[in-house]
Amino acid sequence: MLADPRIARLVALISAALRPPAGAGRIALALALGLICHLLFAAAVLAMIVAMFFGLSESFGTVPWPWAAAANIALIVQFPLAHSFFLTGRGGRILARLIPGPHGATLATTTYAVIASAQLLALFALWTPSGILWWRAEGALFWVISAAYTASWLLLIKASFDAGAEVQSGALGWMSLLARIRPVFPDMPTRGLFRLIRQPIYVAFALTLWTVPVWTPDQLVLAIGFTIYCLLAPRLKERRFAARYGDRFVRYRAEVPYVLPRLNPPKDRPDAQ
């Protein structure tokens, strides 16, 4: 099991974090930001799962209509805009300076996860429902669709693990600071779901949008908006990968399809890790 780099990285990071060198201020900062990061992350994921399960028909937003439409659109747009900006070179430099002091760069992945989680939590907690219900699955169909919704989330979790759980969860930054080591990012992902398609995280995320048992105008707007994002945003990611990994990514891109898997997928490439 430890031969798998996805697991070996996690074990090495956690082991180092469990034996932190002395430094009360550094340790306190790492633990505090780690706690904030994972609490926000859990709250955001839970809010998203529950809100979409009910087709965004239940939330805490109270903006009067028609102004609620503009507010809801703003809540949708703010996530992909900031999420993509902080992955650019300029955004990354700003991200590294958001935590004052000498540890901002080390904590950048954790800071990024905190911001993304806060954005998602705001989206699903502050959404103002339209009050219009189009369709609700019932009987056996409800359980079938609910199973598909659950499977979509499990697929998203698996894809996030394959990409590097320590980065996706925000743990890399604060655990590296705790251990006083340089953050080591995962290599170009080619294992697991990444051997089937190049963008399994975005595909799984899109699937969660369309496998809900309750449909409202709210859910349709969200599903369309975020699906467009899931199709277009990875182009920017692949541009970064091409610059970072060069010919390795060019070969990978030529062998593995973008979002639709082939019937005869290639085997894992352990040498690519």
Side-chain angles (χ1 to χ4, degrees), residues 1-45 82-119 157-194 200-201 237 240-246 248-249 252 268-273:
M1 183 179 293
L2 291 180
D4 188 328
R6 295 166 295 185
I7 298 176
R9 285 194 313 266
L10 281 175
V11 171
L13 180 62
I14 293 171
S15 297
L18 289 175
R19 299 189 300 271
R26 187 196 79 257
I27 292 174
L29 175 61
L31 292 176
L33 198 60
L35 181 64
I36 292 171
C37 173
H38 296 311
L39 285 178
L40 267 178
F41 185 87
V45 171
H83 201 64
S84 297
F85 170 73
F86 283 121
L87 290 175
T88 65
R90 181 185 177 189
R93 290 189 292 272
I94 293 175
L95 196 66
R97 295 196 295 267
L98 289 180
I99 302 296
H103 304 306
T106 301
L107 289 168
T109 54
T110 301
T111 307
Y112 182 81
V114 167
I115 294 173
S117 298
Q119 288 182 279
I157 293 171
K158 176 64 166 64
S160 299
F161 169 77
D162 291 337
E166 66 274 34
V167 174
Q168 301 299 317
S169 67
L172 177 61
W174 74 266
M175 283 192 176
S176 296
L177 179 61
L178 188 62
R180 206 168 66 187
I181 59 176
R182 182 178 62 85
V184 178
F185 285 81
D187 197 3
M188 185 178 76
T190 59
R191 293 176 178 265
L193 295 176
F194 284 87
I201 292 179
K237 175 185 174 183
R240 294 192 304 270
F241 271 35
R244 183 182 306 168
Y245 299 111
R248 286 179 58 202
F249 180 71
Y252 172 71
D268 281 341
R269 305 167 190 79
D271 60 310
Q273 298 293 329

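Partners of Gln168 according to the side chain to side chain donor-acceptor pair (under 3.5 Å) rule, which considers only residues two or more places apart in sequence or in another chain, do not exist here. For Lys158, the side-chain contact (heavy atoms from CB on, under 4.5 Å) test picks out Arg6, Asp162, Leu193, with sequence neighbours left out.
Nearest heavy atom pair, residue His38 against residue Ser169, reads CE1-O, 3.4 Å. Pairing each heavy atom of Ala179 with each of Ala17, the nearest pair is CB-N, 3.9 Å. The shortest non-hydrogen separation linking Ala113 to Cys37 is CB-SG, 3.8 Å. Across all their heavy atoms, Leu178 and Pro20 have their closest contact at O-CB, 3.2 Å. Smallest separation of non-hydrogen atoms from Thr110 and Trp174: OG1-N, 2.9 Å. Shown here for Gly164 and Pro186, the closest heavy-atom pair between the two residues is CA-CG, 4.0 Å.
Between the side chain of Ser160 and the backbone N or O of Ala165, no donor-acceptor pair lies under 3.5 Å. A distance-only check finds no donor-acceptor pair linking the side chain of Tyr252 to the backbone of Thr190 [under 3.5 Å]. Side chain of Thr109 to backbone of Gly173: a donor-acceptor contact under 3.5 angstrom is found. Judged by distance alone, with hydrogens and angles left aside, the side-chain atoms of Tyr112 form a donor-acceptor pair with the main-chain N or O of His83 at under 3.5 Å.
Checking each of Leu172, Leu177, Val167 against Pro183 for a side-chain contact (heavy atoms from CB on, under 4.5 Å) leaves exactly one that passes, namely Leu172.
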Report all side-chain donor-acceptor pairs from residues 85-107 shorter than 3.5 Å, counting only partners two or more places apart or in another chain.
unit_1: Thr88; atom_1: OG1; unit_2: Phe85; atom_2: O; d: 2.5
unit_1: Thr88; atom_1: OG1; unit_2: Gly91; atom_2: N; d: 3.0
unit_1: Arg93; atom_1: NH1; unit_2: Gly89; atom_2: O; d: 3.4

Practice prompt. Please test Arg26 against Arg180 for side chain to side chain contact (heavy atoms under 4.5 Å, CB included), starting from the C-alpha separation and ending with a verdict.
Written response: CA-CA 9 Å; Arg26 187 196 79 257; Arg180 206 168 66 187; 3.9 Å; yes
Practice prompt. Test Thr111 against Ile115 for side chain to side chain contact (heavy atoms under 4.5 Å, CB included), laying out the working first.
Written response: CA-CA 6 Å; Thr111 307; Ile115 294 173; 4.2 Å; yes
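Considering CG of Leu31 and CD1 of Ile36, their distance stands at 11.0 Å, rounded to 0.5 Å. Atom CD1 of residue Ile14 and atom CZ of residue Arg19 lie 12.0 Å apart, to the nearest 0.5 angstrom.
Within the 4.5 Å cutoff, no side-chain heavy atoms of Arg244 are placed close to those of Phe249.
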